[in-house]
Amino acid sequence: LAAVNPGMKVLDVGCGRGEILRHCARLGADAYGIDYAPVAVNLSREVIAHTGETPGKTGVGQADAKKLPFPTHAFDRVLLFDVVEHLHPWELHEAFLEIRRVLKDDGKLIIHTAPNVWYDRYAYPVVRAFRTLMGQGDKYPADPRAFLVDHNQHVHVNEQSMLSLRRALGKAGFAGRVWLDSPPQGRQNPLVLHALRTAVFKVPPFRWFFQREVFAVAGKQG
């Protein structure tokens, strides 16, 4: 989706462990990462140090997504993976404006964020009730932010829907495709449950609520 090609300059905002930088450099792009957390910067530098020779250059530094330390029109691609949900709305808007500044006029912003807030608000209570009837309610806490990863209760502050992300991008001067998807679950469900699950994940309007993750590929407007 990012269509990273040799010779491009790529910025990974919130680079985390650095594996995306490594992958882009192996594709021949010059890949630069920033993260707000010093531990993430150190992890990324360690990953890069053990990558070996790559066709593309790499660099990592500590910075704020709202104040990117790069010149205007510097990057062909900006990646924002699993960052949006950690920024308050005003912070996200400022980050989008900074990303727009450093992005080339024909560049692309690629986003992944989870969960789909409509899932948490509307579908999760249905799923929890259904799983409780099946005797699996202990795995589904009342707060969907505590499902699987407890600390999300403390670090998720701005989950998105397909519509809200499109609106936030438009407000910052971006336009593009925003859509929903979900990772494979790898579950072996009874035939009836499998058919029901397929329906709610594939058929509108149910899929707007049951798909878990939000993606976007956007460019500058005007």
Side-chain angles (χ1 to χ4, degrees), residues 1-88 91-114 149 151-152 155-158 160 165 168-169 172-174 176-179 181 183 213-220:
L1 291 171
V4 173
N5 294 314
M8 284 185 172
K9 286 186 167 55
V10 178
L11 174 62
D12 188 4
V13 176
C15 58
R17 297 183 298 264
E19 62 265 56
I20 301 298
L21 299 175
R22 177 177 60 190
H23 183 62
C24 290
R26 285 174 172 170
L27 292 173
D30 292 343
Y32 302 91
I34 64 107
D35 206 289
Y36 193 74
V39 66
V41 173
N42 292 334
L43 282 169
S44 292
R45 287 175 175 167
E46 186 175 343
V47 165
I48 289 170
H50 291 86
T51 297
E53 292 294 324
T54 58
K57 300 175 184 177
T58 52
V60 184
Q62 184 181 6
D64 189 328
K66 304 187 297 296
K67 298 177 181 179
L68 296 175
F70 300 103
T72 299
H73 300 154
F75 295 99
D76 300 282
R77 300 286 185 268
V78 176
L79 313 178
L80 197 64
F81 297 162
D82 303 311
V83 174
V84 168
E85 64 270 23
H86 301 292
L87 300 177
H88 290 283
E91 293 178 303
L92 180 61
H93 181 66
E94 290 194 9
F96 277 164
L97 293 177
E98 271 292 88
I99 289 169
R100 193 178 191 280
R101 179 185 66 78
V102 303
L103 197 61
K104 294 180 180 179
D105 288 339
D106 61 349
K108 296 293 183 183
L109 166 61
I110 297 88
I111 296 173
H112 169 266
T113 180
V149 184
H151 65 255
N152 283 345
V155 299
H156 279 198
V157 296
N158 190 22
Q160 299 291 314
L165 183 58
L169 285 166
F174 286 100
R177 181 183 173 217
V178 183
W179 72 99
D181 206 342
E213 306 186 12
V214 189
F215 296 82
V217 176
K220 294 182 178 181

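Note: hydrogens, waters and symmetry copies are ignored here, and every other heavy atom, side chains too, is used. All values derive from a computational prediction rather than experimental measurement.
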Under 4.0 Å between a side-chain nitrogen and a carboxylate oxygen: does that hold for Arg101 and Glu98? yes

Indicate the ring-plane relationship of Phe70 and Tyr32, choosing parallel, tilted or perpendicular according to the 30° and 60° boundaries. tilted

Please indicate whether Arg26 has more than 12 foreign heavy atoms, meaning atoms of other residues, nucleotides or ligands, lying under 6.0 Å from its CZ. yes

So which atom in Lys220 and which in Asp105 form the shortest heavy-atom distance, rounded to 0.1 Å? NZ-OD1, 3.3 Å

Thinking salt bridges, do Glu91 and Lys66 make one under a 4.0 Å N-O criterion? yes

Within the 4.5 Å heavy-atom criterion, are Leu92 and Gln160 side-chain neighbours or not? yes

Which atoms form the tightest heavy-atom contact between Ala65 and Val13, and what is the distance? CB-CG1, 3.7 Å

Nearest heavy-atom pair of Ala31 and Ala25: which atoms, and what distance? CB-N, 4.3 Å

Is a donor on one side and an acceptor on the other found under 3.5 Å between the side chain of Asp30 and the backbone of Lys9? no

Taking atom OH of Tyr36 as the centre, report whether more than 12 heavy atoms of other residues, nucleotides or ligands fall under 6.0 Å from it. no

How many angstroms lie between atom CG of Asp76 and atom CG of Asn5, to the nearest 0.5 angstrom? 9.0 Å

Let me confirm one number: the CG-CG distance from Leu80 to Leu87, rounded to the nearest 0.5 Å. 7.0 Å

A side-chain contact here means heavy atoms from C-beta on lying under 4.5 Å apart; do Phe75 and Leu109 qualify? no

Taking His156 for the side chain and Glu85 for the main chain, is one N or O donor matched with an acceptor at less than 3.5 Å? no

Measuring only between side-chain heavy atoms, which start at C-beta, is Ile34 closer than 4.5 Å to Leu68? yes

How long is the gap from CG on Leu1 to CD1 on Ile110, to the nearest 0.5 Å? 8.0 Å

Residues Cys24 and Leu79: closest non-hydrogen pair is SG-CD1, 4.2 Å

For the student: nearest non-hydrogen atoms of Phe96 and Ala172, plus distance: CB-CB, 3.4 Å

d(Leu165 CG, Thr113 OG1) to nearest 0.5 Å is 7.0 Å

Should we count NE2 of His23 as having more than 12 external heavy atoms under 6.0 Å? no

For Met8, is there any backbone N or O sitting under 3.5 Å from a side-chain donor or acceptor partner on Arg77? no

Just verifying a value: how many Å separate Glu46 CD and Thr51 OG1, rounded to the nearest 0.5 Å? 10.5 Å

With a 4.5 Å cut-off on side-chain heavy atoms, are Val60 and Cys15 touching? yes

If you compare all heavy atoms of Ala216 against all heavy atoms of Leu169, which two are closest, and at what distance to 0.1 Å? CB-CD1, 4.0 Å

Working to the nearest 0.5 Å, report the span between OG1 of Thr72 and CG of Leu103. 11.0 Å

